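Written below as structure tokens is the structure these notes are about.
Note that this is a predicted model, so its numbers are computed, not measured. Below, each value reflects all heavy atoms present in this structure, side chains not excepted, and no hydrogens, waters or symmetry copies.
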Amino acid sequence: MRVAVRRINEWDAPSMLKIYAPYVENTNCTPDAAVPSLQDYIQRIDRYTYGRGWIMTEIDSATAGFCLLTERGVEKGDLFTADIQLYVAPEYQRRGVGASLYDLMLAIMHHANYRRVTAHIPLPNDAAAAFHEKMGFRPVREENGVLLMAREIEPENPGAERFTKPYLIENADYERAREHAATLVREAAR
């Protein structure tokens, strides 16, 4: 099995939109009320990949899932907090894909000097809440059918004045974290 956990680019948009669309259409866990167009999704990829960060996991060249950091729910002016969103194709759930994505994104956030990450979980969703707890998140509050969870991040440079964009972190740090994340999928397959 070939596994890659990596930054995304606009060429990944069609396969990612196929995963994202059912979440929009069948759940209340996305910020979108309707499935975005491919062109809109490509623009988002450009904005978040080169802004806060957007990564994906591929298994045998098929997109298995992705996650991104956004400003959703983050107070204006808070440069050290981001909200994380995770989407995994149904056939790849419970196969280490979510853990691989969070593992790499949390490593990126450490090297990028973030201090905190939040996640919004629509209720009821015991599986998502349990997954986030396993990944070190703790419940903050429940409001309007959504559970807000958060996790503290130890920044690489506590004196940084703002976060470092993910594509600017040291390549050796990124590659090491990327390889570790891929092992989580391989280990789950055993």
Side-chain angles (χ1 to χ4, degrees), residues 1 3-49 51-74 81-106 109 117-151 181-182 184-185 188-189:
M1 172 172 48
V3 178
V5 187
R6 62 172 178 82
R7 295 181 188 113
I8 63 156
N9 61 56
E10 52 275 348
W11 299 106
D12 298 315
S15 66
M16 292 169 54
L17 200 51
K18 284 180 185 174
I19 292 171
Y20 185 64
Y23 281 92
V24 174
E25 294 166 341
N26 304 321
T27 72
N28 64 345
C29 69
T30 69
D32 290 299
V35 177
S37 70
L38 180 59
Q39 186 60 37
D40 179 50
Y41 216 61
I42 290 169
Q43 289 173 350
R44 289 183 197 186
I45 288 171
D46 287 341
R47 184 171 66 239
Y48 289 114
T49 301
R52 292 201 177 248
W54 199 329
I55 59 174
M56 68 184 301
T57 296
E58 292 176 312
I59 299 175
D60 293 328
S61 300
T63 302
F66 62 92
C67 78
L68 67 148
L69 298 178
T70 72
E71 301 85 17
R72 178 175 64 165
V74 176
T81 300
D83 187 71
I84 195 165
Q85 296 178 28
L86 173 70
Y87 304 99
V88 178
E91 63 270 25
Y92 291 107
Q93 291 178 358
R94 293 174 178 68
R95 292 180 56 188
V97 172
S100 71
L101 289 163
Y102 269 33
D103 187 72
L104 178 56
M105 191 62 86
L106 291 169
M109 292 181 82
V117 60
T118 61
H120 291 77
I121 301 166
L123 298 174
N125 195 336
D126 294 339
F131 169 77
H132 282 83
E133 284 184 13
K134 181 180 172 186
M135 298 306 296
F137 287 72
R138 297 290 166 246
V140 175
R141 70 177 173 275
E142 187 179 321
E143 192 174 293
N144 299 322
V146 176
L147 174 63
L148 177 66
M149 298 185 79
R151 176 190 162 137
L184 298 176
V185 177

With a 3.5 Å distance limit and no angle check, can you tell me whether D12 reaches the backbone of N9 through a side-chain donor-acceptor pair? yes
Before you tell me yes or no, could you show the steps for V140 and T118 under side chain to side chain contact (heavy atoms under 4.5 Å, CB included), namely the whole-Å CA-CA distance, both residues' side-chain angles and the distance that decides it to 0.1 Å? CA-CA 9 Å; V140 175; T118 61; over 6 Å; no
Taking the side chain as every heavy atom from C-beta outward, state whether V185 and I59 have any pair of such atoms under 4.5 Å apart. yes
Side chain to side chain contact (heavy atoms under 4.5 Å, CB included) involving S37 - partner list, sequence neighbours excluded: Q39, D40
If you draw a 6.0 Å radius around CZ in R72, do more than 12 non-hydrogen atoms from other residues or ligands fall strictly inside? yes
Sorted by chain and residue number, the ring-ring contact (aromatic ring centres under 6.0 Å, His included) partners of Y87 (sequence neighbours excluded) come out as Y20, Y23, F66
Partner residues of A82 under the side chain to side chain contact (heavy atoms under 4.5 Å, CB included) criterion, sequence neighbours left out: R52, L69, M109, Y114
D46 side, atom CG; Y41 side, atom OH - distance, nearest 0.5 Å: 13.0 Å
Anything under 3.5 Å between a donor and an acceptor, one on a side chain of residues 123-139, the other on a protein residue two or more places apart or in another chain? List them.
{"unit_1": "N125", "atom_1": "OD1", "unit_2": "A128", "atom_2": "N", "d": "3.0"}
{"unit_1": "H132", "atom_1": "ND1", "unit_2": "A128", "atom_2": "O", "d": "2.8"}
{"unit_1": "H132", "atom_1": "NE2", "unit_2": "Y102", "atom_2": "OH", "d": "2.7"}

Heavy-atom closest pair, residues A181 and L104: CB-CB, 3.9 Å
Locate the shortest heavy-atom distance separating R151 from L106; write the atom from each residue and the value. NH1-CD1, 3.3 Å
A side-chain contact here means heavy atoms from C-beta on lying under 4.5 Å apart; do R95 and T57 qualify? no
Heavy-atom closest pair, residues A13 and I45: CB-CD1, 3.5 Å
Which pair of non-hydrogen atoms, one from V74 and one from D83, has the smallest distance, and what is that distance? CG2-N, 4.1 Å
Once salt bridge (Lys or Arg N to Asp or Glu O under 4.0 Å) is applied, do any residues pair with E91, and if so which ones, sequence neighbours excluded? none
Step by step, work out the side chain to side chain contact (heavy atoms under 4.5 Å, CB included) result for D32 and R44. CA-CA 12 Å; D32 290 299; R44 289 183 197 186; 2.7 Å; yes
Enter the distance from L148:CG to R141:CZ here, rounded to the nearest 0.5 Å. 5.0 Å
Looking only at heavy atoms, the pair that brings P14 and L38 closest together is N-CD1, 3.9 Å
What verdict does the side chain to side chain contact (heavy atoms under 4.5 Å, CB included) test give for M105 and I55, after you've listed the backbone C-alpha separation in whole Å, the side-chain angles of each residue and the deciding distance to 0.1 Å? CA-CA 8 Å; M105 191 62 86; I55 59 174; 3.8 Å; yes
Is Q85 reaching over with its side chain to a backbone N or O of T30, donor-acceptor style, under 3.5 angstrom? no
For D103 and L184, the nearest pair of non-hydrogen atoms, with its separation, is CB-CD1, 3.5 Å
What residue pairs, at least two apart or across chains, pass salt bridge (charged side-chain N to carboxylate O under 4.0 Å, His left out) with a residue in residues 54-65? R6-E58
